[in-house]
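Predicted model, so just to flag it, every value in this text is computed and none were measured.
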Amino acid sequence: MPASAHDIIALMESMRNELQRLNLMRFFKTAPGEYGEGDEFLGLKVPQTRMVVKQAADLPLEQVPALLACRYHEVRLCGWLILVHRFEKLANRRLVNDVKAIKARDEIVRMYLKYADQANNWDLVDLSAPKIIGRWLMLPSDINDKREVIDQLAHSSSLWRQRISMVCTWMTSRMGDPSWCLRYAEIHLHHTHDLMHKAVGWMLREMGKHADMELLRSFLEQHAHEMSRTSLRYAIEHMDDVERQFWMKF
């Protein structure tokens with residue numbers, strides 16, 4: 001079993017797949033001028049990375065930043081998924097109000113925020129932000145102003161920090177609090193990047209599905225005319241044909 005970040009990186013490098021690497025570079029838009037420009041891949045599939053995460057479950061927390069800072073996309077994903085695994089264990093029902101668990105969860109959140117720029121593609125954000133940042137928003141914490149934390153992400157100049165602020169609301173909506181989604185959907189409503197158009201629409205759709213469909217309709221009544229067509233299409237995806245056609249006329 002890997003005992004250090006160095007061991008994990010060496011193990012993942014030994015699993016390199018050149019054909020898959022080239023496919024991933026195209027899929028994640030790594031060419032000059034694209035959103036993933038310069039990202040490097042080993043060519044591992046997500047189940048392979050999850051296998052490594054399972055083997056590295058007991059990696060000391062102080063070793064994780066070396067994974068998050070690695071040049072290889074899959075190694076960074078491994079680091080984020082290790083943090084997800086740790087956080088989920090600390091968030092089980094028995095530990096929700098445990099003082100030591102609260103402190104440990106906050107430590108993971110602080111690490112996440114410190115290295116958030118290393119979650120520099122949509123999959124790294126989407127596989128980690130809801131289960132760490134989104135779950136944390138719904139749990140006891142010694143970090144006082146959670147809204148300020150997410151606002152700082154939302155108003156950052158970083159596309160990926162902005163996406164974290166939006167995608168983390170998938171979990172808050174699932175847990176019955178639509179207010180986070182509505183707040184950050186409004187903040188990002190006029191974003192210029194397609195990845196944020198998709199994130200806004202996706203989170204609104206999930207908010208309607210898991211929290212309150214009437215709130216989604218109310219949001220659309222106010223904003224459908226000014227939303228990107230991508231956001232609107234994503235938001236209404238689970239509605240019936242008649243209602244979808246109605247909203248697309250705005």
Side-chain angles (χ1 to χ4, degrees), residues 24 27-29 34-36 39 46 73 77 80-81 84 87-88 112 116 119-138 146-147 149-156 158-241 243-250:
L24 289 172
F27 182 74
F28 285 106
K29 307 297 185 184
E34 295 182 318
Y35 59 74
D39 203 355
V46 173
H73 185 105
L77 176 58
W80 293 121
L81 292 179
V84 168
F87 194 92
E88 287 181 330
Y112 191 103
N120 56 347
N121 215 311
W122 57 264
D123 64 318
L124 304 180
V125 171
D126 298 358
L127 290 172
S128 62
K131 293 182 178 180
I132 296 177
I133 302 301
R135 186 76 176 92
W136 167 73
L137 291 174
M138 304 297 288
K146 293 180 178 180
R147 176 175 286 186
V149 169
I150 311 304
D151 279 358
Q152 287 179 1
L153 292 169
H155 294 295
S156 165
S158 162
L159 171 65
W160 307 116
R161 287 179 180 265
Q162 293 165 3
R163 189 172 172 97
I164 289 168
S165 74
M166 191 70 247
V167 174
C168 75
T169 69
W170 179 79
M171 185 61 74
T172 55
S173 293
R174 283 184 66 89
M175 297 183 71
D177 185 350
S179 65
W180 296 95
C181 175
L182 294 171
R183 176 176 178 80
Y184 295 103
E186 283 198 341
I187 287 174
H188 296 305
L189 198 64
H190 300 115
H191 203 288
T192 58
H193 202 290
D194 186 59
L195 284 176
M196 288 303 297
H197 298 166
K198 292 175 180 177
V200 168
W202 172 29
M203 290 302 104
L204 285 170
R205 182 189 73 208
E206 294 303 300
M207 185 275 294
K209 176 182 177 182
H210 294 290
D212 193 327
M213 184 60 76
E214 288 308 313
L215 272 180
L216 172 57
R217 292 187 175 105
S218 177
F219 185 93
L220 294 176
E221 285 173 1
Q222 296 178 61
H223 299 296
H225 67 281
E226 58 182 331
M227 294 171 68
S228 75
R229 295 298 91 180
T230 297
S231 291
L232 183 56
R233 282 195 299 270
Y234 272 59
I236 64 178
E237 192 173 23
H238 288 170
M239 296 178 178
D240 62 39
D241 288 343
E243 188 167 12
R244 287 201 304 272
Q245 291 173 19
F246 169 78
W247 291 116
M248 288 304 296
K249 292 177 182 177
F250 279 75

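- A side-chain donor-acceptor contact under 3.5 Å links R244 to the backbone of M239.
- Residues H197 and R233 form no side-chain contact, since every pair of their non-hydrogen atoms from C-beta on lies 4.5 Å or further apart.
- Between the side chain of N121 and the main chain of L124, no donor-acceptor pair closer than 3.5 Å is present.
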**OP:** May I have the step-by-step check of side chain to side chain contact (heavy atoms under 4.5 Å, CB included) for Y184 and V200, ending in yes or no?
**Re:** CA-CA 8 Å; Y184 295 103; V200 168; over 6 Å; no
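- Between W202 and T169 there is no side-chain heavy-atom pair separated by less than 4.5 Å.
- Side-chain contact check for F28 versus D39: every heavy-atom pair is 4.5 Å or farther apart.
- Shown here for V84 and S128, the closest heavy-atom pair between the two residues is CG2-CA, 3.8 Å.
- With rounding to the nearest 0.5 angstrom, the NE2 atom of H238 is 6.0 Å from the CD atom of E206.
- For K29, the NZ atom sits in a loose shell: 12 or fewer heavy atoms of surrounding residues, nucleotides or ligands are nearer than 6.0 Å.
- Considering only heavy atoms from C-beta on, F219 comes within 4.5 Å of L182 through its side chain.
- One distance of note links CD1 of I132 with SG of C168; it measures 11.5 Å at 0.5 Å rounding.
- Here the closest heavy-atom approach between residue L232 and residue L220 is recorded as CD1-CD2, 3.7 Å.
- Residues D126 and R163 are paired through a salt bridge, judged by an N-O separation under 4.0 Å between the basic side chain and the carboxylate.
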Original post:
Please walk me through it: do L215 and M207 pass side chain to side chain contact (heavy atoms under 4.5 Å, CB included)?
Top reply: CA-CA 8 Å; L215 272 180; M207 185 275 294; 4.1 Å; yes
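- From L137, atom CG reaches atom CG of D177 across 9.0 Å, with rounding to the nearest 0.5 Å.
- Interatomic distance, OG of S228 versus NE2 of H191, reported as 11.0 Å (0.5 Å rounding).
- Considering all non-hydrogen atoms of both residues, L195 and H193 come closest at N-ND1, 3.0 Å.
- A distance of 12.5 Å separates CG of L204 from CD of E237, quoted to the nearest 0.5 Å.
- With no hydrogens or angles considered, no side-chain donor-acceptor pair links N120 and Y35 at under 3.5 Å.
- Counting heavy atoms from C-beta outward, C181 and M166 have side chains that approach closer than 4.5 Å.
- Taking the six-membered ring for Trp and thresholds of 30 and 60 degrees, W80 and Y112 have ring planes inclined between 30 and 60 degrees apart.
- The backbone N or O of M175 lies less than 3.5 Å from no partner atom in the side chain of H210, so there is not a single donor-acceptor pair.
- Between the K131 side chain and the F87 main chain, no donor and acceptor come within less than 3.5 Å of each other.
- W247 is not listed as a side-chain neighbour of M227, based on a closest heavy-atom distance of 4.5 Å or more.
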Original post:
Stepwise, does the side chain to side chain contact (heavy atoms under 4.5 Å, CB included) test hold for F250 with E226?
Top reply: CA-CA 8 Å; F250 279 75; E226 58 182 331; over 6 Å; no
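- Within a 6.0 Å sphere centred on CZ of R229, heavy atoms belonging to other residues, nucleotides or ligands number more than 12.
- Nearest heavy atom pair, residue S156 against residue R161, reads OG-CD, 3.4 Å.
- Closest heavy-atom contact between P178 and S173: CA-OG, 4.4 Å.
- Between the side chains of Q162 and H188, no donor-acceptor pair of N or O atoms lies under 3.5 Å.
- R205 has its side chain out of reach of L216: every pair of non-hydrogen atoms, C-beta onward, lies at least 4.5 Å apart.
- With a 4.5 Å cut-off on side-chain heavy atoms, I150 and R183 do not count as touching.
- Atoms OG and CG, from S231 and L189 in turn, are 7.0 Å apart once rounded to the nearest 0.5 Å.
- Taking both residues in full, the closest heavy atoms of T172 and G134 are given as CG2-O, 3.6 Å, listed atom of the first, atom of the second, then distance.
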